[in-house]
Amino acid sequence: GESWKVTEPFVYPAEKRVVDDVLWDLTRVELGIPLDASPEEYGLGVTPRARVTITDKSGVKHEIAVGDDAPVGFKTYVKTPAGKLVAVDG
């Protein structure tokens with residue numbers, strides 16, 4: 001079966017259900033509402049609120065930066081692995 005683990009800030013087994021939910025959300029990031037401004041305006045500059053890094057089976061890392069919450073619409077600003085700035089649900 002599949003085995004997932006958290007590797008930072010500590011090493012700990014991850015629950016498959018939670019990982020599946022996160023992965024589903026991450027696949028939808030590219031469908032976010034495009035933003036047209038500098039990353040700093042959305043909390044996505046040098047020190048974003050959080051970074052999510054997924055390492056695939058081939059060892060390639062994919063990082064998503066999480067920035068500020070949008071002031072309306074229950075959206076959060078993120079920077080995709082491709083470098084796009086988007087607003088996503090959440």
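Everything numeric in this text was worked out from a predicted model, so none of it was measured.
- Partners of Ser38 under the side chain to side chain contact (heavy atoms under 4.5 Å, CB included) rule, at least two apart in sequence or in another chain, are Glu40, Glu41.
- Counting heavy atoms from C-beta on, the side chains of Val11 and Val6 never come closer than 4.5 Å.
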Pairs of donor and acceptor atoms involving the side chains of residues 61-78, under 3.5 Å and at least two apart or interchain, shall be tabulated with distances.
unit_1	atom_1	unit_2	atom_2	d
His62	NE2	Asp56	OD2	3.1
Glu63	OE2	Arg51	NH1	3.1
Asp68	OD2	Gly43	N	3.4
Asp69	OD1	Arg49	NH1	3.4
Asp69	OD1	Arg49	NH2	3.2
Asp69	OD1	Thr76	OG1	3.4
Lys75	NZ	Asp89	OD1	2.5
Thr76	OG1	Gly90	O	2.2

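- Minimum heavy-atom separation, Tyr42 to Asp36: OH-N, 4.3 Å.
- For Lys84, the salt bridge (charged side-chain N to carboxylate O under 4.0 Å, His left out) partners two or more places apart in sequence, or in a different chain, are Glu30.
- The side-chain heavy atoms of Thr80 and Val29, taken from C-beta on, include a pair separated by under 4.5 Å.
- The ring pair (Phe, Tyr, Trp, His ring centres under 6.0 Å) analysis of residues 7-36, with sequence neighbours excluded, yields no pairs.
- Qualifying side chain to side chain contact (heavy atoms under 4.5 Å, CB included) partners for Glu15, counting only residues two or more places apart in sequence or in other chains: Arg17, Val18.
- Checking each of Asp21, Val22, Leu23 against Val19 for a side-chain contact (heavy atoms from CB on, under 4.5 Å) leaves exactly one that passes, namely Leu23.
- There is no path of hydrophobic side-chain contacts, each under 4.5 Å, that joins Ile54 to Leu44.
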